[in-house]
> 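Before anything else, here's the structure in question.
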Amino acid sequence: MMLLLEAWTFILEHPARFGQALYTHVVLSAAALGTAAAIAIPLGIVVADRARGALLAVNAANIGRTLPSLAVLALVMPVLGTGFAPSWFALTLLALPPILINTCAGMREVDADVVDAARGMGMSAREIVFRIKLPLALPVLFAGVRTAAVQVVSGAVLASYIGGGGLGDFITAGIAMMAVPQLLVGAIPATLLSLGTDFLFGRIQRRLTPIGLRT
Amino acid sequence: MITLDGLTKQYPGTAQPAVDHISLTIPKGEVCVLIGPSGCGKTTTMRLINRLIEPSGGTIELQGRDVTHMDAVELRRGIGYVIQQVGLFPHLTIAENIATVPRLLGWDAARTDKRIDELLELVALEPVTYRDRYPRDLSGGQKQRVGVARALAADPPVMLMDEPFGAIDPITRTRLQDEFQRIQARLKKTVVFVTHDLDEAIRMGDRIAILREGRVVQYDTPEAILARPANAFVEEFVGQDRALKRLSLYTVESRMGPVASVADDAPRLRADTTLRDALSALLGARSELALVLDPSGAALGTLRLEDVHAAAAGR
Ligand SMILES: Nc1ncnc2c1ncn2[C@@H]1O[C@H](COP(=O)(O)OP(=O)(O)OP(=O)(O)O)[C@@H](O)[C@H]1O
Ligand SMILES: [Mg+2]
């Protein structure tokens with residue numbers, strides 16, 4: 001309890017520092033998630049129609065998934081140096097696999113009879129993707145975005161190691177100085193941010209589920 | 001008119017062609033029923049016509065044009081297709097499902113809306129109730145009816161219907177068959193209709209093609225198939241009760257004689273009753289004679305058991 005109070009006091013005493021860290025954390029996460037989505041969703045859509053491509057993409061993504069976040073950061077540093085950009089890059093890598101895997105799975109899981117009917121009625125390949133497959137794949141696709149979002153927000157704590165800033169700065173400093181309250185100033189908001197992200201994206205996921213599929 | 005000439009389809013990695021040199025001519029405005037055991041190539045034949053699959057050999061002409069020279073997407077927009085598995089779009093409402101082809105063709109909203117209501121009424125689904133529902137809220141039979149409405153939406157001159165009434169209860173099925181015949185009498189579409197049910201084939205078909213292992217065994221009018229099965233396979237396929245089935249081709253009206261006095265307990269029949277049902281009524285009442293009435297109850301004629309015998313024997 002004491003510790004919490006001390007942490008709270010720390011925030012009140014350093015509002016600008018805390019605000020800056022929180023802001024960086026959110027911007028870094030959003031940038032990484034946005035970039036990953038912009039790459040993985042179109043890639044997933046294209047690749048889903050080709051059995052080989054899909055297998056390859058999903059396997060690559062699965063390997064990517066097993067890499068520890070910290071290892072990714074460590075691997076990026078020698079090449080891209082430190083700061084915001086390499087952190088952005090590393091977190092994007094972290095967010096790619098779940099989005100790619102789910103986009104691909106969502107598109108491939110669409111009922112073959114439904115696609116067949118669409119083709120039989122004279123929809124072009126493009127129309128089938130945008131009017132039928134994508135709307136039906138959206139809940140699964142967005143579940144991937146949600147997973148990625150939570151991973152990125154949690155992973156962004158580690159950006160501090162390569163000078164990316166964010167709430168992780170307090171944690172690293174706290175550990176270095178053995179100052180538990182300062183550590184909590186990073187850890188608690190970071191945790192809350194992850195939980196909040198999961199909740200928010202869960203709500204969006206529900207909104208995106210076509211009414212005809214809601215249970 | 002649809003002309004299939006030597007049409008063949010061999011799926012990769014199969015020993016036997018699924019469709020083996022089928023040649024059929026379906027005259028404009030007629031219903032051709034494809035019937036035969038499961039796996040005999042009915043669905044494959046249909047999907048070749050709208051080019052969902054490409055033939056391994058032979059040609060398909062639609063209104064005199066070779067379909068392989070036409071743009072597949074354009075071709076399909078002009079052909080109503082009811083798929084065997086229905087395949088409604090689960091994320092779209094019933095109205096939106098029906099509006100699929102009109103939207104692809106760029107109809108305006110007012111025209112599309114009007115058409116949706118028209119079609120829902122046609123398949124006996126109250127528009128106010130069903131327009132905004134989703135497929136998952138419908139029974140299997142209701143889904144099938146929406147599937148038929150969706151295929152009819154843009155009023156295509158050609159329809160491919162793959163077991164369109166398969167999952168519907170007998171009563172609704174009969175009603176939809178009647179309904180379809182009424183529509184067909186008016187719209188005169190060229191229809192390829194697949195069924196497993198010989199009675200349905202006899203009712204719906206101007207011609208019936210009996211398929212076996214990818215080949216046409218007999219292609220003829222229902223009367224001719226029932227009267228003169230081409231071989232033992234057809235004979236077995238049409239069944240021991242083919243005399244009875246023939247009776248379902250005729251109405252009481254076409255065979256009745258002039259009004260005569262009948263016993264009080266003689267059956268009363270409507271003029272559009274089939275002879276098959278009339279026979280059943282006569283047998284049930286142990287009567288030799290039935291009175292034929294118009295809807296207002298006035299006597300139109302009498303039907304004798306002998307008339308039924310004569311029809312069954314093809315006289
Ligand atoms: N995509 C495919 N690849 C390989 N073989 C196929 C394919 N589709 C159908 N076949 C085979 O072709 C044959 C004809 O199939 P088709 O679906 O045309 O039969 P059908 O007459 O419609 O049967 P049913 O009455 O069961 O619907 C069957 O032996 C089937 O196994
Ligand atoms: Mg079939």
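Convention: sequence-line order gives letters A, B, ...; per-chain numbering from 1.
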> Are the side chain of B:K9 and the backbone of B:E54 linked by a donor-acceptor contact shorter than 3.5 Å?
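Checked: pair present.
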> Tell me, out of B:L104, B:N50, B:V101, who's got the most heavy-atom pairs with chain A below 4.5 Å.
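Heavy-atom pairs under 4.5 Å are most numerous for B:L104.
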> Check whether any side-chain heavy atom of B:D20 lies under 4.5 Å from a side-chain heavy atom of B:E213, and answer yes or no.
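Not in contact.
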> Side chain, backbone, both or neither: which part of B:I83 has a heavy atom under 4.5 Å from chain A?
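Just the side chain, heavy atoms under 4.5 Å.
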> For A:A125, is it the side chain, the backbone, both or neither that has a heavy atom under 4.5 Å from a heavy atom of chain B?
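The answer is neither part of A:A125.
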> If you tally heavy-atom pairs under 4.5 Å against chain B, which of A:L138, A:L136, A:L213 wins?
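Winner by heavy-atom pair count: A:L136.
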> Please evaluate residues B:S23 and B:L4 with respect to the criterion side-chain contact (heavy atoms from CB on, under 4.5 Å), reporting the C-alpha separation (whole Å), side-chain torsions for both, the decisive distance (0.1 Å), and the verdict.
CA-CA 5 Å; B:S23 299; B:L4 312 182; 5.8 Å; no
> Walk me through it: do A:V152 and A:T197 pass the test side-chain contact (heavy atoms from CB on, under 4.5 Å)?
CA-CA 10 Å; A:V152 164; A:T197 303; over 6 Å; no
> Looking at B:Y130, does the NZ or CZ of B:R145 lie under 6.0 angstrom from its six-membered ring centre and within 45 degrees of the ring axis?
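Geometry flag: not set, cation outside 6.0 Å or 45°.
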> Determine the option with the most heavy-atom pairs under 4.5 angstrom with chain A, choosing from B:Q85, B:Q84, B:R77.
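The candidate making the most pairs under 4.5 Å is B:R77.
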> Quick one: of A:P210, A:A118, A:G120, A:A117, who has the most non-hydrogen atom pairs under 4.5 Å with chain B?
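Option with the greatest count: A:G120.
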> Quick one: what part of B:R133 sits under 4.5 Å from any heavy atom of chain A, side chain, backbone, both or neither?
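Contact with chain A is absent: no heavy atom of B:R133 under 4.5 Å.
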> What part of B:L75 is in contact with chain A, defined as an atom under 4.5 angstrom from a non-hydrogen atom: side chain, backbone, both or neither?
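Neither; nothing under 4.5 Å.
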> Report, as yes or no, whether the 6.0 Å neighbourhood of atom CZ on A:F89 holds more than 12 heavy atoms from other residues, nucleotides or ligands.
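Not more than 12 within 6.0 Å, no.
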